[in-house]
Amino acid sequence: MTADPLSMTLSALADPTRRAIVARLATGEATVSELAEPFDMSFPAVSKHLKVLERAGLVEKGRMAQFRPRRLRPDPLRDLAAWLEEYRQYWDDRLDSLDDYLKQIQKGDEKK
């Protein structure tokens, strides 16, 4: 089953370990060993998390001599942010409407 890119991004980011890896890579490239350091899990387990992030297009493998540092690919995160922005705007509009309604009620109470 092939998921759409947004679903793959959300699925990959559903795990806190993968979100921590993404946060670490936002500061710069890192090897798998460097990425595994803060976690109390096996090296293969961290590699499995990296494979999920790579399939989602969030991380790519570089090449530096015998090392294969991982780096963050921002495009899927930009797409996710754009999708979320639509809903943020929706909720901002709803909250503005609620604020207007509450102000009208307060004005009505002040007249009594």
Side-chain angles (χ1 to χ4, degrees):
M1 181 172 130
T2 304
D4 65 284
L6 183 59
S7 295
M8 291 181 69
T9 300
L10 290 168
S11 177
L13 295 175
D15 184 275
T17 300
R18 292 193 286 265
R19 288 194 303 273
I21 290 170
V22 167
R24 166 56 186 89
L25 290 173
T27 66
E29 289 185 356
T31 63
V32 176
S33 299
E34 292 168 332
L35 292 170
E37 278 179 15
F39 302 109
D40 185 24
M41 63 178 62
S42 68
F43 193 77
V46 172
S47 290
K48 284 183 182 178
H49 283 298
L50 284 170
K51 284 186 176 144
V52 171
L53 291 168
E54 288 171 3
R55 273 196 303 272
L58 289 159
V59 170
E60 66 184 358
K61 200 184 302 184
R63 184 174 205 140
M64 189 170 55
Q66 72 270 26
F67 298 106
R68 302 247 188 283
R70 275 18 182 230
R71 69 178 68 100
L72 189 62
R73 292 190 64 236
D75 293 344
L77 293 174
R78 272 192 219 117
D79 294 343
L80 176 59
W83 183 77
L84 290 171
E85 178 61 21
E86 292 176 29
Y87 292 96
R88 189 195 62 76
Q89 185 62 48
Y90 168 79
W91 284 111
D92 281 350
D93 292 346
R94 301 286 296 202
L95 290 172
D96 288 345
S97 295
L98 178 62
D99 189 47
D100 292 342
Y101 176 72
L102 292 174
K103 285 177 183 170
Q104 284 178 348
I105 289 175
Q106 283 179 331
K107 284 181 184 173
D109 285 345
E110 290 172 4
K111 290 180 181 175
K112 290 181 181 178

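Predicted, not measured: the structure shown is a model, and the values here were computed from it. These numbers come from the heavy atoms of this one structure, side chains and all, not from hydrogens, waters or symmetry mates.
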* To do: Mind listing the closest non-hydrogen atom pair of D75 and R78 along with its distance?
  => OD1-NH1, 2.7 Å
Pair up each side-chain donor or acceptor in residues 51-59 with any protein partner under 3.5 Å, not counting sequence neighbours, and list the distances.
unit_1, atom_1, unit_2, atom_2, d
E54, OE2, R70, NE, 2.8
E54, OE2, R70, NH2, 3.4

* Asked: Taking all non-hydrogen atoms of both residues, which atom of L72 and which atom of A26 are closest, and how far apart?
  -> CD2-CA, 3.9 Å
* To do: Could you check if a side-chain atom of V22 sits within less than 4.5 angstrom of a side-chain atom of R19, using non-hydrogen atoms only?
  => no
* To do: Enter the distance from T17:OG1 to M41:CE here, rounded to the nearest 0.5 Å.
  => 3.5 Å
* Asked: Side chains of D100 and Q104: do they bring a donor and an acceptor to under 3.5 Å?
  -> no
* Asked: Does the side chain of D99 reach to within under 4.5 Å of the side chain of L95, using non-hydrogen atoms?
  -> no
* Asked: So how far is it from E29 CD to R71 CZ, rounded to the nearest 0.5 Å?
  -> 4.5 Å
For residues 5-13, which side-chain N or O atoms pair as donor and acceptor with protein atoms under 3.5 Å away, sequence neighbours left out?
unit_1, atom_1, unit_2, atom_2, d
S7, OG, D4, OD1, 2.5
S7, OG, D4, OD2, 3.4
T9, OG1, P5, O, 3.0

* Asked: Listed by chain and number, what are the salt bridge (Lys or Arg N to Asp or Glu O under 4.0 Å) partners of E85, not counting sequence neighbours?
  -> R88
* **L50 side, atom CG; L25 side, atom CG - distance, nearest 0.5 Å** => 7.5 Å
* A36 versus V46, closest heavy-atom pair with distance -> CB-CG2, 3.8 Å
* L98, W91: one ILVMFWY side-chain cluster at the under-4.5 Å cut-off? -> no
* Structure fact -> Separation between CD (E37) and CZ (R24), nearest 0.5 Å, reads 8.5 Å
* Asked: If two hydrophobic side chains count as joined below 4.5 Å and joins carry through other members, does Y90 share a cluster with L84?
  -> no
